[in-house]
Amino acid sequence: MSVKTMEPNTTEARAAEPKTVSCEAPAASAQAGKNAAARRAGRTRGTAIAMLLALLAFSAAYIFWGRDRLPAGEILQVLSGQQVPGTSFIIMDDRLPRLAVGALAGAGLGISGALFQRWLGNPLASPDVIGVGYGSSAAAVLAMLVLGYTDWRANVFSLAGGLLVAAVIYWLSASGKRTGSRLILAGLAIGAMLQALIQYLLSRAEINAAADAFRWLTGSIASSTWEQASILGLGLGVLSAFVLPLVLRQLKLLELGDDTAAALGLNVSRARVLLVFLAVAMGALPIAVTGPLAFIAFLAGPITAALTRGGINILLAGLTGATLVVVANFFAANLFADISLPVGVITGAFGAPFLIWVLVRANSTGNGG
């Protein structure tokens, strides 16, 4: 009798074999993510170093080759602490205070614009576009032309005006969803009204007072003093040390969406109010001292994003804003042989084409808000 051998069912045998899960794909994905993060960090460090070197280079260029050329030996003597008649005044009471105020103002405006742009996810959402800058400007012009204030009280009015207008804009846009889009639209509308108010006040003022106000509205650091630099540095320093770290932590949650942020335990309304207050204060403080420096708050964030090929870095935007003002100050003093331009003229001239580029880029990528 022949014995028939039974061959095992191959399908069942395969099913019975223990399955091995490959870990190569998740490991490769994790490694790719780490490599991408390392490249982004490297680009951020490289951009920060480049901005810092540019800031130092143009600061040195302005000190040595400002509008009035001075002997390098005398400048070095002044910087080493010696007194040189004439040269000491130009360096210590004119050029260095101007650089200090310009760098601080640029840093504050850069951080202010970057906070709005990150939160709202829109490169156009900067204080000088959504009306906050016009609030500071209108209040300062009102103080100068109607109340006759030309001292620190005009600066206080400017700061208060920016905060008040920001509160009104936020109140108009805070209810419901799509707060960002409504905030931008409300800011544009209120900014247009405030611009009309500024023009009306200028048209009704005496010629000398109107000229002073118009010069302030242009944005200038020509009359900077060490007292202004100290006040600006103290105000921005306190905000940066005690409020900015908290806002940056909350901003990461807000970027996930209101529902997700609330689910993670964040008080969304309180976080929004604190973010708006910080962004407005970081922009209104410099405007109160220098006047509105056109497009600095708008330019700093997108420039950092373009150079790092990533998102907007808040601290890097502050460094970029400081560098932009210092560079603009050098060209304002040396671009024309017979005239020294206000810094706001240079930032406005170079900022307008960049605004057009951002609009075209936003339309092509669908990120216009």
Side-chain angles (χ1 to χ4, degrees), residues 109-139 141 158 160-200 217 247 250-251 254-259 261-262 268-284 287 292-302 305 311-312 314 317 348 351-369:
L109 290 170
I111 292 175
S112 174
L115 285 171
F116 277 119
Q117 290 163 341
R118 272 273 299 270
W119 173 42
L120 301 177
N122 192 319
L124 300 179
S126 66
D128 44 5
V129 175
I130 63 175
V132 175
Y134 284 118
S136 296
S137 299
V141 171
S158 177
L163 293 172
L164 177 61
V165 169
V168 172
I169 293 172
Y170 183 78
W171 175 73
L172 291 174
S173 61
S175 62
K177 297 185 179 295
R178 297 187 62 82
T179 299
S181 300
R182 288 202 311 277
L183 189 144
I184 294 175
L185 292 175
L188 289 172
I190 292 179
M193 291 188 292
L194 292 173
Q195 190 174 17
L197 174 62
I198 292 172
Q199 297 301 324
Y200 171 77
L217 286 170
V247 169
Q250 294 178 343
L251 179 59
L254 289 174
E255 289 176 318
L256 300 175
D258 292 348
D259 296 336
V268 174
S269 298
R270 188 179 302 171
R272 283 179 180 173
V273 170
L274 184 61
L275 187 150
V276 171
F277 166 78
L278 176 64
V280 171
M282 294 292 285
I287 291 176
L293 300 177
F295 291 116
I296 295 298
F298 167 75
L299 288 171
I312 293 176
I314 303 296
F354 193 85
L355 172 60
I356 296 174
W357 176 79
V358 169
L359 288 171
V360 172
R361 186 171 180 267
N363 288 334
S364 62
T365 59
N367 292 328

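Please read all numbers here as calculations on a predicted model, not as lab measurements.
Taking the side chain as every heavy atom from C-beta outward, Ile169 and Ile130 never approach each other to under 4.5 Å.
Applying the side-chain contact (heavy atoms from CB on, under 4.5 Å) rule to Ala261 yields the partners Leu253, Leu266, Val268; only residues at least two apart in sequence or on another chain are considered. Partners of Leu217 according to the side-chain contact (heavy atoms from CB on, under 4.5 Å) rule, which considers only residues two or more places apart in sequence or in another chain, are Ser137, Val141, Ile198, Leu202. Every residue two or more places apart in sequence or in another chain was checked for a side-chain hydrogen bond (donor to acceptor under 3.5 Å, both in side chains) with Ser112, and none qualifies.
To the nearest 0.5 angstrom, Tyr134 atom OH is 11.0 Å from Ile287 atom CD1. Atom CG of Leu299 sits about 11.0 Å away from atom CG of Leu109, to the nearest 0.5 Å. Between Gln195 atom CD and Ile190 atom CD1 the span is 14.0 Å, to the nearest 0.5 Å. Separating the CZ atom in Arg118 from the CG atom in Leu251 is a distance of 4.5 Å, to the nearest 0.5 Å.
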Candidate pair Asp258 and Arg272, rule side-chain contact (heavy atoms from CB on, under 4.5 Å), full reasoning: CA-CA 10 Å; Asp258 292 348; Arg272 283 179 180 173; 2.2 Å; yes
Derivation of the side-chain contact (heavy atoms from CB on, under 4.5 Å) call for Tyr170 and Val273: CA-CA 8 Å; Tyr170 183 78; Val273 170; 3.9 Å; yes
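Residue Leu275 comes nearest to Val247 through the heavy atom pair CG-CG1, 4.0 Å, listed as atom of the first residue, atom of the second, then distance. Considering all non-hydrogen atoms of both residues, Ala281 and Leu163 come closest at N-CD2, 4.3 Å. Across every non-hydrogen atom of Ala114 and Ile312, the tightest pair is CB-CG2, 3.7 Å. Looking at every heavy atom in both residues, Ile184 comes nearest to Ala125 through CD1-CB, 4.0 Å. In this structure, Gly131 and Val165 approach most closely via the heavy-atom pair O-CG1, 3.7 Å.
Shown here is Phe116, whose CZ atom has more than 12 heavy atoms of other residues, nucleotides or ligands within 6.0 Å.
At least one donor-acceptor pair closer than 3.5 Å links the side chain of Ser136 to the backbone N or O of Ser158. Checking side-chain atoms of Gln117 against main-chain N and O of Ser126 turns up no donor-acceptor pair under 3.5 Å.
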